[in-house]
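Single-structure report; data block below.
Predicted, not measured: the structure shown is a model, and the values here were computed from it. Numbers restart at 1 for each chain; the letters A, B, ... are given by sequence-line order, proteins then strands.
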There are 2 protein chains.
Amino acid sequence: MRNTRQRQVVLDIVRSTNTHPTADWVYEQARKVIPNISLGTVYRVLGRLQEEGLVMQLDDGSRKSRFDGHPGPHQHIICERCGRIADVPDVVDQAATERVQQMTGYQVSAHRVEWFGLCPECQQGG
Amino acid sequence: MRNTRQRQVVLDIVRSTNTHPTADWVYEQARKVIPNISLGTVYRVLGRLQEEGLVMQLDDGSRKSRFDGHPGPHQHIICERCGRIADVPDVVDQAATERVQQMTGYQVSAHRVEWFGLCPECQQGG
DNA sequence: GTGAAAATGGGAACGAGTATCATTGCTGTT
DNA sequence: AACAGCAATGATACTCGTTCCCATTTTCAC
Ligand SMILES: [Mn+2]
Ligand SMILES: [Mn+2]
Ligand SMILES: [Zn+2]
Ligand SMILES: [Zn+2]
């Protein structure tokens with residue numbers, strides 16, 4: 001794994017925000033620093049960062065992936081109106097995991113929780 | 001909402017299995033009954049059934065949606081090798097929901113849990 | 001039956017993401 | 001510092017699940 005300028009810029013960007021941005025947003029930001037960086041490179045770098053565990057990839061219910069430069073055991077709540085994503089602590093404990101394992105026979109390696117609702121801002125505007 | 005042959009066939013198919021099939025699989029099954037049914041119609045009907053709450057739409061991590069003709073409060077565990085999806089009871093309770101609501105300020109309307117792991121069959125084959 | 005509105009079929013279009021490949025530029029070695 | 005090897009990049013073509021379009025068909029309230 002080589003330490004390229006592109007890799008460093010993408011990592012910095014995805015770590016600089018807590019908005020869980022799309023690949024396209026990361027791309028737009030990256031172009032401000034490296035104007036001719038390609039979208040393919042952004043996807044390639046984000047994919048590699050995810051494999052290395054430096055980035056989480058989220059699904060907000062739309063077709064676009066969203067990325068989180070602050071990995072670690074936490075979950076997400078997504079506003080159904082504006083798409084805003086906030087962090088939420090994990091509510092699934094070891095006992096629940098073992099229960100699921102017992103019941104299904106699956107060997108559980110991970111879980112993911114998404115909450116949906118209205119963010120405070122969107123609750124205001126009828 | 002009109003009760004068309006296409007709608008009835010798609011609903012029957014998606015209710016006839018517990019494999020959480022893809023739109024394409026539903027389409028192939030439907031063609032056995034209505035040979036010239038179009039894929040667009042299958043998508044349209046599935047989308048409408050979901051709006052009506054008769055069908056759940058799942059995300060298995062791949063690019064394809066999967067559909068569940070047995071909606072209601074339950075969750076899913078997905079095999080990371082073969083993609084098989086099994087049902088799992090919900091481990092998230094009212095207390096957890098209220099805690100999340102308090103902490104984030106979001107008004108929670110739904111949640112989704114996906115477990116990942118190896119199904120019993122895939123644990124066998126090295 | 002008749003008419004208005006909704007649904008369909010077929011095919012084109014869309015778009016997020018992936019693949020390809022010639023070129024570039026890290027990095028370890030001399 | 002030059003070099004060699006090879007991983008990473010930029011540009012662009014491609015994939016394919018899903019959505020859109022519209023002329024035609026079908027449903028259903030009357
Ligand atoms: Mn997060
Ligand atoms: Mn299910
Ligand atoms: Zn919002
Ligand atoms: Zn399996």
Inter- and intrachain pairs under ring pair (Phe, Tyr, Trp, His ring centres under 6.0 Å), touching residues 2-28 of chain B, at least two apart: H20(B)-H76(B)

Please report the distance, rounded to the nearest Å, between CZ in R44(A) and P in dA7(D). 14 Å

Could you work out, with salt bridge (charged side-chain N to carboxylate O under 4.0 Å, His left out) as the rule, every residue matching E52(B), not counting sequence neighbours? R7(B)

The criterion is salt bridge (charged side-chain N to carboxylate O under 4.0 Å, His left out); which residues satisfy it with E80(A), sequence neighbours excluded? none

Enter the distance from T4(A):OG1 to Q8(A):CD here, rounded to the nearest 0.5 Å. 8.5 Å

What's touching nucleotides 23-27 of chain D from the protein side, N or O pairs under 3.5 Å?
from	atom 1	to	atom 2	distance (Å)
dT27(D)	O2	R2(B)	NH1	2.7
dT27(D)	O2	R2(B)	NH2	3.3

Report the residues that fulfil side-chain contact (heavy atoms from CB on, under 4.5 Å) with D93(B), sequence neighbours left out, ordered by chain and then residue number. A95(B), A96(B)

Using the salt bridge (charged side-chain N to carboxylate O under 4.0 Å, His left out) rule, collect all pairs that involve residues 103-112 of chain B, keeping only residues at least two apart or in two chains. D59(A)-R112(B), E114(A)-R112(B), R112(B)-E114(B)

R7(B) CZ to dG9(C) P: how many Å, rounded? 15 Å

Expressed as a whole number of angstroms, how long is the span from L46(B):CG to dA7(C):P? 15 Å

Enumerate the protein-to-nucleotides 12-18 of chain C contacts in which both atoms are nitrogen or oxygen and the separation is below 3.5 Å.
from	atom 1	to	atom 2	distance (Å)
dG17(C)	OP1	S65(A)	N	2.8
dG17(C)	OP1	S65(A)	OG	3.2
dG17(C)	OP2	Y43(A)	OH	2.6

Under a 4.0 Å heavy-atom cutoff, the residues of residues 25-37 of chain A touching DNA chain D are N36(A), I37(A)

Return each pair, listed once, that meets ring pair (Phe, Tyr, Trp, His ring centres under 6.0 Å) where at least one residue sits in residues 78-110 of chain A; pairs must be two or more places apart or across chains. none

Which residues pass the salt bridge (charged side-chain N to carboxylate O under 4.0 Å, His left out) test with D68(A), sequence neighbours left out? none

Sequence neighbours left out, what passes salt bridge (charged side-chain N to carboxylate O under 4.0 Å, His left out) with R66(A)? Give chain and number order. D60(A)

So does I37(A) get a backbone contact from the side chain of T41(A), meaning a donor-acceptor N/O pair under 3.5 Å? no

Between C1' on dC28(D) and CD on Q8(B), what's the gap in Å once rounded to a whole number? 16 Å

Which pairs count as ring pair (Phe, Tyr, Trp, His ring centres under 6.0 Å) when at least one residue sits in residues 35-64 of chain A, sequence neighbours excluded? none

Phosphate contact (dG10(C) OP1 or OP2) by S38(B) side-chain N/O below 4.0 Å: no

